[in-house]
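The structure appears below as structure tokens.
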Amino acid sequence: MPEGHTIHRLALDYGGHFKGRATQVTSPQGKFSDAAALLNGTELTRTEAHGKHLFLGFRDEEWIHIHLGLFGKVNFGGTPAPPPTDTVRLRLANDTSYVDLRGPTTCALITDTEKQAIHDRLGPDPLRPPKDTDPNAAYRRISRSRTTIAALLMDQKVIAGVGNVYRAEVLFRHGIDPYRAGKDLTPAEWDAIWTDLVDLMREGVRNNRIDTVRPEHTPEAMGRPPRVDDHGGEVYVYRRANRPCHICGAEIRTADLAARNLFWCPNCQKP
DNA sequence: GCCCAATGTCGAC
DNA sequence: TCGACCTTGGGCA
């Protein structure tokens, strides 16, 4: 479930279980063995997330850089840790906990300088502290672009951390057609989208899932049977193709956009 | 067992 | 724009 909220949550959870103590670092699958051997027995000193990138700090200026990609999964557990399966790329363990990483796109040992280069190529992240985060930088790019707002929201250079679910849901919540060109988005619309993403994604970190349905549109409030969408949260349009819009009843539409599935309500989201 | 899809990104053409 | 890559779980036989 890797959108930005998941990664920020992982930064907190890795820190909570392992920070400040000698940590056993292994790579049962083998692809990270050399680096694991180098770090094994040292201390996890800090953890950080920017968009969908996770950084685990060891020693002075060394970091494990993790990107889950589409398939990566992380699994925490208590001791005794079970024998790792052969797909575990990275296991951290101490006296009380273990955590397994499987299927990441990236798991690499990097320096401070290399880490900085990653920050430099990422746009502002609604979940980073406001002092390092400038939503106007994102709007400058958006307001100059003929690309669709749906594509721009997924471009990590423009804004970091938004994925396919938050993209679909935030556009629905603001009644914006996904095919609208970035340059046709008003500053007020962008402010509203950014502020909303900050709120939604913070809640996503807290609950470790994506919920976007406003209280007045929950099934209870609308006198309908309770539901939980396939991916475990409560949403308006994501993966709800051909089903009725919670608000107006129109059929939710879906289309391919840059090799990803897009979902929207043709009635609630006007050009 | 096989086939497919999935909340992502990169590089080749 | 397309394929490649990483892994798991669900549907179906």
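Quick note: numbers below take in every heavy atom, side chains included, and nothing from hydrogens, waters or symmetry partners. Labels below follow one simple rule: chain letters A, B, ... track the order of the sequence lines, proteins then strands, and each chain is numbered from 1.
At B/dG8, none of the side-chain N or O atoms of A/His67 fall inside 4.0 Å of OP1 or OP2 (strictly under the cut-off). Distances shown here put every side-chain N or O of A/Thr87 at or beyond 4.0 Å from the OP1 or OP2 atom of C/dC6. Between A/Lys31 and C/dC6 there is a side-chain N or O to OP1 or OP2 distance below 4.0 Å. Between A/Asn164 and B/dG8 there is no side-chain N or O to OP1 or OP2 distance below 4.0 Å. The side chain of A/Gln29 contributes no N or O atom lying less than 4.0 Å from OP1 or OP2 of C/dC6. Distances shown here put a side-chain N or O of A/Tyr238 below 4.0 Å from the OP1 or OP2 atom of B/dT7. Within the structure, every side-chain polar atom (N or O) of A/Arg239 is placed at least 4.0 Å from both OP1 and OP2 of B/dT7.
The aromatic ring of A/Phe71 sits over the base of C/dT7, with ring centres less than 5.5 Å apart and planes inclined by under 30°.
With C1' as the reference atom, B/dG1 and C/dC6 are 22 Å apart, rounded to whole Å. C/dT8 and B/dC10 have their P atoms separated by 23 Å, given to the nearest Å.
One atom, CE of A/Met154, and another, C1' of B/dT9, lie 10 Å apart when rounded to the nearest Å. For the pair A/Asp86 CG and C/dC6 C1', the computed distance is 14 Å after rounding to whole Å. The CZ-P distance, from A/Arg89 to C/dT8, rounds to 11 Å in whole Å. Atom CG of A/Asp155 is separated from atom C1' of B/dT9 by 11 Å (rounded to the nearest Å). Here B/dC10 presents its P atom at 13 Å from CZ of A/Arg260, a figure rounded to the nearest Å. What separates CG of A/Asp100 from P of C/dT7 is a distance of 13 Å, to the nearest Å. With rounding to whole Å, A/Ile118 atom CD1 is found 12 Å from B/dT9 atom P. With rounding to whole Å, A/Leu68 atom CG is found 12 Å from B/dT9 atom C1'.
Set against B/dT7, B/dT9, B/dG8, the side chain of A/Gln156 has B/dT9 as its closest nucleotide. Proximity note for A/Lys52 (side chain, C-beta onward) versus B/dT9, C/dT7, B/dT7: the nearest is B/dT9. With distances taken from any side-chain atom of A/Arg121 to the nucleotides B/dC10, C/dC6, B/dG8, the minimum falls on B/dC10.
Using modelled atom types, one finds a donor on one side chain and an acceptor on the other under 3.5 Å when comparing A/His8 with A/Asp125. Between the side chains of A/Gln116 and A/Asp112, no donor-acceptor pair of N or O atoms lies under 3.5 Å.
No side-chain heavy atom of A/Glu114 sits less than 4.5 Å from a side-chain heavy atom of A/His65. Side chains of A/Arg167 and A/Arg260 form a contact here, defined as non-hydrogen atoms less than 4.5 Å apart.
Contact check on A/Asp134 versus A/Arg140 returns a salt bridge, with a Lys/Arg side-chain nitrogen under 4.0 Å from an Asp/Glu carboxylate oxygen.
Relative ring orientation between A/Tyr14 and A/Phe18 is described as tilted, the plane-to-plane angle lying within the 30° to 60° band.
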